[in-house]
> 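Got a structure for you, written out below as structure tokens; questions coming shortly.
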Amino acid sequence: MAASRVTRSMVDWTAALRKVGAEHRQVLAQVKAKSEHHLSKITALPDKLPQIDFAFYKRQIGNQELVDRFQKMYSQLSIAYPKDQGNVMGQVDQFAKEESVRVQKAKEESNKRIKGHESALDQARRFPPVEEWTIEMAMEYIPENLSPDMRKEITSFPPHTDPREDVAWWNKRGGETAAWTKPDEFHHLDAELAGKPVAKDAKH
């Protein structure tokens, strides 16, 4: 048995199993089985060249010089440990470093989102029961979740076609009180919209 070489996989299969999703665990198990099968075949081989009884062959073969030559060549035989010709391990290490940075960035972004969600949940817990909400309360609490039609229903007067019916338009010209005044009562605004001079006695 080879005692001077690696006898176990360098992969931490337990850690890998924790990091992959459930849909990839079967594939990981197959890779692990192939790796262990290959490792078992390697470790079953001796870590040194088997000894050859060259004295026996000298007795059996008349040309002892030939046997001596083979013995010398065999004793000088050295099989070097395989080298990473394509620098695959270097590429793997570089990829691991890049992925580590990407994962760290993803974790930081996820933590920010988690804090935002926790803050939103904390705020939602202080809201009145949803069953008691009016559409105006929804506009106040969660305007980003309302549909454009619902927002328009709140921020303008029906039928939502005249600029004077828009709350923002009225606020610019008279504030909240004017915003909820019936537009038809402000006849001088028709001239303003048309770009015509407004009579002094028409202003309020």
> Roughly how far, to the nearest 0.5 Å, is CG of Leu121 from CD of Gln123?
10.0 Å
> One thing to verify: whether Arg126 and Asp122 come together as a salt bridge, which I'm taking to mean a side-chain N less than 4.0 angstrom from a carboxylate O.
yes
> Report, as yes or no, whether the 6.0 Å neighbourhood of atom CD on Glu65 holds more than 12 heavy atoms from other residues, nucleotides or ligands.
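No, the 6.0 Å shell around CD holds no more than 12 heavy atoms from other groups.
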> For residues Phe54 and Val67, report the shortest heavy-atom separation together with the two atoms involved.
O-CG1, 3.7 Å
> State whether the side chain of Gln64 and the backbone N or O of Tyr57 hold a donor-acceptor pair below 3.5 Å, judged by distance alone.
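Not confirmed, Gln64 side chain does not pair with Tyr57 backbone.
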> If the threshold is 4.0 Å, N to carboxylate O, is there a salt bridge linking Glu98 and Arg102?
no
> Nearest 0.5 Å, please: how far is CZ in Arg113 from CD in Glu118?
13.0 Å
> Do Leu28 and Trp13 touch side chain to side chain, with heavy atoms closer than 4.5 Å?
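Side chain of Leu28 against side chain of Trp13, heavy atoms only: contact under 4.5 Å found.
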> Does any N or O in the side chain of Ser35 come within less than 3.5 Å of the main-chain N or O of Val31, such that one atom is a donor and the other an acceptor?
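The answer is no, because no donor-acceptor pair under 3.5 Å joins these two groups.
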> Hey, which of Lys34, His38, Lys32 is the one that makes side chain to side chain donor-acceptor pair (under 3.5 Å) with Glu36?
Lys32
> Examine distances only and state if a side-chain atom of Ser75 and a backbone atom of Gln71 form a donor-acceptor pair shorter than 3.5 Å.
yes
> Between Val130 and Phe127, is there shared hydrophobic-cluster membership here, with clusters defined by ILVMFWY side-chain heavy atoms closer than 4.5 Å?
no
> Rounded to the nearest 0.5 Å, what's the gap from CD on Gln85 to CG on Asn87? Could you check?
10.5 Å
> Hey, could you give me the CD1/NZ distance between Ile114 and Lys107, rounded to the nearest 0.5 Å?
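If I round to the nearest 0.5 Å, the distance is 11.0 Å.
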> If you round to the nearest 0.5 Å, how far is NE2 of His117 from OG of Ser110?
9.0 Å
> Between Asp84 and Met89, which heavy-atom pair has the shortest distance, and what is it?
OD2-N, 2.7 Å
> Rounded to the nearest 0.5 Å, what separates atom CD in Gln51 from atom OH in Tyr74?
7.0 Å
